[in-house]
Amino acid sequence: MDTKINEWLQTYKPIFEIAKTEEIHSERVSENVKNLALQRTGFENLPMKYITDRGWHRQYQYMLLLKSESETDNQKSVNLDWLDDFSDWFVKQKEEKNLPILNDNKKVTDVSCANALTYEENEDGSISVYALQIYFNVRKAE
């Protein structure tokens, strides 16, 4: 499932303009600057809509991490603006019902995002990791 979500995120055309890589890494950013990673932070069981429903309904939670230069205020602003633009794209995909397609009778029923922020910074402040929380509600039918 993580692979399908990662592939779907990569359909955002400007994603590699800021990342300067050819992929979104799994779980952690690389040592290089200008790269992205998708880190799963957990999942939560959600209630089923009807008591006769079979299967499960969960919200999968991720952090999209962006490692980039942050030495100047302008660089920080560009990075946070990029996360805001990405958030807008994410919401638009939900409105257009252009959601990730999964396998094994699993279907994404909703997506959302929150909290674009500076996640961590190196000692001299020249490199930062920015984070955006993203959520995928997934339903598996039996």
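For Gln10 against Glu23, the heavy-atom pair with the smallest separation is OE1-CA, 4.2 Å. Shown here for Asp110 and Lys94, the closest heavy-atom pair between the two residues is OD1-CE, 2.9 Å. Contact detail for Asp84 and Ala116: the closest heavy-atom pair is OD1-CB, 4.2 Å. Residues Ser70 and Lys76 come closest through the heavy atom pair O-CE, 2.9 Å. Heavy atoms only, all atoms of each residue included: Val138 and Tyr60 are closest at CG2-CD1, 3.8 Å.
With rounding to the nearest 0.5 angstrom, the CD1 atom of Ile101 is 9.0 Å from the CG atom of Leu99. With rounding to the nearest 0.5 Å, the separation of CD in Gln59 from OG1 in Thr109 is 9.5 Å. Taking CG from Asn79 and CD1 from Ile18, the interatomic distance works out to 4.5 Å, rounded to the nearest 0.5 Å. To the nearest 0.5 Å, atom OG of residue Ser128 and atom CD of residue Gln75 are 9.5 Å apart.
A 4.5 Å side-chain heavy-atom check between Tyr62 and Asp2 finds at least one atom pair inside the cut-off. The shortest side-chain heavy-atom distance between Val108 and Lys4 does not fall under the 4.5 Å cut-off. At least one side-chain heavy atom of Leu38 sits less than 4.5 Å from a side-chain heavy atom of Ile134. At least one side-chain heavy atom of Ile24 sits less than 4.5 Å from a side-chain heavy atom of Ile15. No side-chain heavy atom of Lys92 sits under 4.5 Å from any side-chain heavy atom of Asp88.
Hydrophobic clustering, with ILVMFWY side chains joined whenever heavy atoms are under 4.5 angstrom apart, keeps Leu132 apart from Val91. In the hydrophobic clustering of ILVMFWY residues, with side-chain heavy atoms under 4.5 Å counting as a link, Leu64 and Leu80 come out together. Residues Trp8 and Tyr12 fall within the same hydrophobic cluster, defined by Ile, Leu, Val, Met, Phe, Trp and Tyr side chains chained together at heavy-atom separations under 4.5 Å. Linking Ile, Leu, Val, Met, Phe, Trp and Tyr whenever their side-chain heavy atoms come within less than 4.5 Å leaves Val111 and Leu46 in two separate clusters. Hydrophobic clustering places Tyr130 together with Phe16 (ILVMFWY residues linked when any side-chain heavy atoms are closer than 4.5 Å, directly or through intermediates).
The hydrophobic cluster around Tyr119 extends to Val29, Met63, Leu65, Leu117, Val129, counting ILVMFWY residues whose side-chain heavy atoms fall within less than 4.5 Å of a member.
Counting non-hydrogen atoms of other residues, nucleotides and ligands closer than 6.0 Å to CD of Glu96 gives a total above 12. Crowding of Arg40 atom CZ: a count of heavy atoms from other residues, nucleotides or ligands under 6.0 Å exceeding 12.
Residue pairs meeting the side chain to side chain donor-acceptor pair (under 3.5 Å) criterion with at least one partner in residues 97-108, sequence neighbours excluded, are Gln93-Asn98. Each salt bridge (Lys or Arg N to Asp or Glu O under 4.0 Å) pair with one or both residues in residues 49-65, not counting sequence neighbours, appears once here: Asp53-Arg139.
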Original post:
Taking it one step at a time, do Asp124 and Ser126 satisfy side chain to side chain donor-acceptor pair (under 3.5 Å)?
Top reply: CA-CA 6 Å; Asp124 66 3; Ser126 63; 2.7 Å; yes
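Ring geometry, Phe90 versus Phe136: the interplanar angle exceeds 60°, so the pair is classed perpendicular (tilted spans 30 to 60°). Classification of the Phe86-Trp82 ring pair by plane angle, with boundaries at 30° and 60°, yields parallel.
Side-chain N or O atoms of Lys67 include one that pairs as donor or acceptor with a backbone N or O of Ser30 at under 3.5 Å. Proximity of a side-chain donor or acceptor of Asn45 to a complementary backbone N or O of Trp56 within less than 3.5 Å is not detected. Distance alone, capped at 3.5 Å, is enough to place a donor-acceptor pair between the Asn122 side chain and the Ile127 backbone.
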